[in-house]
Amino acid sequence: MKTAYLYVRVSTDEQKKKGYSLPEQEDRLLKYCDYNSIKVLGIYREDYSAKDFNRPEWKKLLAIVRQKPREDKNILFIKWDRFSRNIEYAYEMIGLLRKYNTTPIAIDQPIDLSVPESTVMLAVYLSVPEAENSRRAMNTANGIRRAKQMGRFPGKAPLGYINMSDFDGRKIIVPKQPEANIIKWVFRQLSKNTNKIDYIRKIADAKGLKCSRSHFFRIIRNPAYCGLISIKISSKEQQMVKGIHDPLISEVLFNEVQRIITRKRIVTSKTNELNETFYLKSFLLCPICYKRLCGSFSKGKTKRYPYYHCNAKCKTRVNALTLNDAYCSELQSLQLSKNVTELFSSILEDCNINIKKAEDIQQRNMLVRRLRDQELLLSQARKLFVASVLGNDDYYAIKREYQINSQSIKGELSNVNTKLENYKKHRELMSVSFIDVLQVFKHLETADKMHLVSLIPPNRFDLQKRSVSLHLDSALSKILLPKISEKQQP
């Protein structure tokens with residue numbers, strides 16, 4: 001009695017487009033074996049593409065075949081495209097199976113491999129699926145190219161965006177929060193060229209931009225964030241097309257960042273450490289010779305000590321941490337004036353915020369109901385499909401429509417939830433006192449510290465008292481006032 005192993009394979013795309021299914025193939029093969037008195041030794045079910053033989057179930061089958069190399073064995077499948085869609089790999093596998101006395105047989109496309117002329121038909125059967133794959137790949141590439149030329153971003157949206165569909169059902173990408181705002185911040189920080197890229201990446205990760213190091217470097221080189229879409233013309237030439245999606249940054253900012261990251265970086269780890277410790281050095285003058293002070297570390301027995309020092313003959317030197325604390329203490333002795341505090345509160349307070357919030361809650365409830373209706377429609381279609389009342393084409397058409405509609409509704413729902421979350425933050429911010437806004441100076445990043453020091457620079461410092469005075473211009477002196485102690489309050 002003849003024996004055979006049954007191999008059934010289907011990919012997700014084929015099952016949707018052509019109606020293939022594993023049970024259908026298996027049923028036909030079992031009937032074939034029953035009619036021809038063939039004993040089934042095993043059934044191997046695959047859900048992988050046939051572009052190569054790196055498939056889990058095929059590997060298991062091949063391992064079984066190798067265990068008994070001298071016995072005659074057969075592997076049955078429906079058609080040769082179930083076996084392979086790559087003619088080169090197919091011939092290589094057929095040669096390998098011959099070494100183990102195994103014959104691959106397609107029941108719908110039978111070939112007698114012992115007849116030399118049959119190799120011509122085998123070549124036809126194997127080349128047709130590969131030609132279909134090549135044509136499909138070419139059509140897909142042309143479709144992607146046409147979409148890019150129209151300003152659309154095909155494929156999965158980059159980090160900071162989300163895939164959605166417009167009213168015509170065409171795919172678009174829209175900004176996704178909070179990642180979009182974090183990416184904006186990343187580009188602004190890179191344009192300053194004051195910190196290392198990896199340092200900015202770590203801060204962005206802490207803010208919520210979760211991606212690998214290599215992904216982060218692809219992000220800062222991706223022109224999609226400034227509204228441009230790259231179309232490859234040749235191996236060395238690319239064309240930029242204006243996209244229809246909303247850019248996160250301007251082209252000027254993107255080009256500036258590319259100029260900075262592609263040239264030799266002027267920021268090093270040593271520069272970072274110096275800027276972080278000696279952020280006052282560009283603004284301090286020696287109290288003796290009035291020359292600008294420098295900053296450096298002095299090596300001790302167990303650690304290094306930071307000092308602001310003068311390179312002139314006076315050799316003035318003062319501990320950097322002490323002077324930084326003195327500046328910070330002096331800065332925190334200031335508070336916003338009452339008028340400015342009231343102005344900030346007025347800006348944040350929106351008389352229509354409750355009305356807007358109520359409208360957004362109503363919209364969210366409506367979107368939730370629409371999403372439930374879509375899920376109910378799909379559930380009913382699934383039941384009719386299982387009961388064989390609804391055909392394959394109708395069911396998959398309903399399923400595609402559900403996916404498009406639900407994705408659009410989820411996108412709108414995400415935007416509404418973001419608005420409602422912003423209202424909550426808005427309320428929290430309104431409840432915060434603005435008087436002690438400078439208390440957060442110690443927690444600022446180095447670049448922000450240096451920017452604030454440039455606005456409120458140290459005027460001079462006392463070597464004996466290790467104290468610093470601040471220079472406030474006429475505008476800032478009206479905004480920032482000395483704190484009033486509890487004893488001075490009426």
Do the side chain of [X] and the main chain of [Y] share a donor and acceptor less than 3.5 angstrom apart?
| X | Y | answer |
| --- | --- | --- |
| Asn222 | Arg218 | no |
| Thr418 | Ser414 | yes |
| Arg9 | Glu46 | no |
| Glu92 | Ile87 | no |
| Asn163 | Ala157 | yes |
| Ser379 | Glu375 | no |
| Glu330 | Leu470 | no |

Leu413 and Val368: CA distance, side-chain angles, deciding distance, side chain to side chain contact (heavy atoms under 4.5 Å, CB included) verdict
CA-CA 8 Å; Leu413 193 59; Val368 170; 4.1 Å; yes

Do you know which two heavy atoms are closest between [X] and [Y], and how far apart they sit?
| X | Y | result |
| --- | --- | --- |
| Ser406 | Leu371 | CB-CD1, 3.9 Å |
| His309 | Ser296 | NE2-OG, 2.9 Å |
| Gly160 | Ile183 | CA-CD1, 3.9 Å |
| Ile229 | Gly243 | CD1-CA, 4.0 Å |
| Pro158 | Phe153 | CD-CE2, 3.5 Å |
| Met240 | Pro223 | CE-CG, 3.8 Å |

Check: [Y] and [X] side chains under 4.5 Å, non-hydrogen atoms:
| X | Y | answer |
| --- | --- | --- |
| Ser84 | Met93 | no |
| Lys291 | Asn311 | no |
| Lys148 | Val241 | no |
| Tyr161 | Ile172 | no |
| Val453 | Tyr327 | yes |
| Glu412 | Met366 | no |
| Asn324 | Leu280 | yes |
| Leu377 | Tyr402 | no |

Taking side-chain contact (heavy atoms from CB on, under 4.5 Å) as the criterion, tell me which of Ile260, Leu190, Ile200 meets it with Ile220.
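Passing option: Leu190.
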
Can we say Asp205 and Lys202 salt-bridge, meaning some charged N sits less than 4.0 Å from an Asp/Glu carboxylate O?
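Lys202 and Asp205: not salt-bridged.
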
Is it the case that the ring center of Phe53 lies less than 6.0 angstrom away from the ring center of Phe83?
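Ring centroids of Phe83 and Phe53 are less than 6.0 Å from each other.
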
Spacing of [atom1] belonging to [X] relative to [atom2] belonging to [Y], to within rounding of 0.5 Å:
| X | Y | atom1 | atom2 | answer |
| --- | --- | --- | --- | --- |
| Leu378 | Glu401 | CG | CD | 10.5 Å |
| Ser191 | Ile261 | OG | CD1 | 11.5 Å |
| Ser134 | Arg85 | OG | CZ | 10.5 Å |
| Glu130 | Tyr89 | CD | OH | 10.0 Å |
| Ser212 | Arg201 | OG | CZ | 8.0 Å |
| Phe216 | Arg221 | CZ | CZ | 10.5 Å |

Are more than 12 heavy atoms from other residues, nucleotides or ligands located less than 6.0 Å from atom CZ of Arg382?
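Yes - once you tally the heavy atoms of other residues, nucleotides and ligands closer than 6.0 Å, there are more than 12.
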
Before you tell me yes or no, could you show the steps for Asn54 and Lys59 under side chain to side chain contact (heavy atoms under 4.5 Å, CB included), namely the whole-Å CA-CA distance, both residues' side-chain angles and the distance that decides it to 0.1 Å?
CA-CA 7 Å; Asn54 188 23; Lys59 288 180 179 179; 2.5 Å; yes

Quick one, Glu251 with Lys242, criterion side chain to side chain contact (heavy atoms under 4.5 Å, CB included). Give me CA distance, side-chain angles, the key distance, then yes/no.
CA-CA 11 Å; Glu251 291 185 36; Lys242 186 72 175 178; 3.6 Å; yes

Give the intermediate values and the outcome of side-chain hydrogen bond (donor to acceptor under 3.5 Å, both in side chains) for residues Asn181 and Gln177.
CA-CA 7 Å; Asn181 284 338; Gln177 301 299 344; 3.0 Å; yes

Using side chain to side chain contact (heavy atoms under 4.5 Å, CB included), reason through Ile203 and Trp185 one step at a time and then give a plain yes or no.
CA-CA 10 Å; Ile203 297 177; Trp185 175 87; 3.4 Å; yes

